[in-house]
Amino acid sequence: MSKSLIYHAFGLRGYDYRATRFENGKRVLVITQRRESYCCSACGSGEVYSQGQIPRRFRTLPIGRKPVEIAFAVPRVRCLSCGLTRQVKIGFAEGSRHHTKQFERYALELARITTTQAAAHHLNVSWDTIRDIEKRYLKKKFSQPKLKHVKRIAIDEIAVRKGHRYLTVVMDLDSGRIIFVGKTRKSKALAPFWKRLKASHAQVEAVATDMSAAYIEAVTKHLPNAALVFDRFHIVKLFNDKLTELRRELYREATDMLQKEVLKGTRWLILKNWENLDEERNERERLEEALSLNHTLATAYYLKDELRQLWEQSTKKRAGRFLDDWCRRAHGSGIRILVQLANTLQGHKTGILAWYDHPISTGPLEGVNNKIKTLKRIAYGYRNEEYFELKILALHCSQYALVG
Ligand SMILES: [Zn+2]
């Protein structure tokens, strides 16, 4: 094999090709390095003495489906500058790895278009080998996202396994990148993020979160100059949860069988917005019937439907008036859940209306949540936590990230 071929096909520059051997279906290319090119792997100095050799093997690109290995007796040298004895620097592989850089690139390329399992099978290596190569790559590329230019962020928790494991995730809303993955749902999971954000000197303008006290406290403490914007979807969801609670209560209290029957059928209907009710399935009619029989439920439903207009006002000032008016009517209804909600909304008014200055939400994180579900499905579950977190950080390069 010519020197030019081993250089162009296998990326082995500066080595001499000696022989090809066949071992158990593998091709083994034997190469050597010339004495005059020896240098210290630490300082790069060429002033070195030979101190023997260490025979090593490196997996490299296959020829067709046949595995290929490089056999190289790595020279050991004593460096005059460092005063240490070590192996010479190898240009075609990193550190103590058992495969070449070219092999790693090829494995990554394969992992991009198929699953880890299929890539491992094709290359005749273990699943772990592919995973390790991928993990090192992801770590190098994504583990420390740059935060300097981050302006608007969203923080939310996502369920990895329903009810079992949660992660706290931070997204840069301008680039769509996930910039932090915290290991739990508690706000203290964010501690490393605040530290890195501070070190980056980022000028964060606005943060979208839900109305939980822990987030409010953390954002106020660590980003005192940023506007806190309460996510509108979380507010609607909170209302829906309360509405479900109310319907359950009314059902329990109802003595009339007809009332009970009608209430039973409205479980999903009351969570829908009026315009989303399916007319072909008579959903509007059924809901109206239920609401006409139950004044309390009707008041709550119509107030919920109306609350959405809070984010459709022409100005922030109008929105403020709308909210006050809405809360007054909720209070006036005397219905417990509405009074509670009105109190909550009044108490969080600044952050709710801040949406008019910074129209952001945690909505884009919802999309990430769905991608993570796909990730898990393709990758047969993630037992390796670090790997999983790296995959989430790489999600914005979704063509890459969505393969196992
Ligand atoms: Zn040296």
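What you see is a predicted model; the values in this text were computed from it and never measured. Numbering of ligands and ligand atoms starts at 1, following listing order.
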Would you confirm whether the ring centroid of Phe230 sits within less than 6.0 angstrom of the ring centroid of His348? yes
Verify side chain to side chain contact (heavy atoms under 4.5 Å, CB included) between Tyr38 and Gln33, making sure each step is shown before the conclusion. CA-CA 8 Å; Tyr38 291 2; Gln33 185 177 352; 4.1 Å; yes
Run through the protein N/O/S atoms less than 2.8 Å from the Zn ion (ligand 1) and write them out by chain and number. Cys40 SG, Cys43 SG, Cys79 SG, Cys82 SG
Just jot down the side chain to side chain contact (heavy atoms under 4.5 Å, CB included) partners of Thr315, sequence neighbours excluded, or say none. Lys317, Arg318
For residues Phe92 and Tyr15, establish whether the separation of their ring centroids is below 6.0 Å. yes
Per the side chain to side chain donor-acceptor pair (under 3.5 Å) rule, what does the pair list look like for residues 212-228, sequence neighbours excluded? Asp210-Ser212
Side chain to side chain contact (heavy atoms under 4.5 Å, CB included) involving Lys272 - partner list, sequence neighbours excluded: Leu277, Glu283
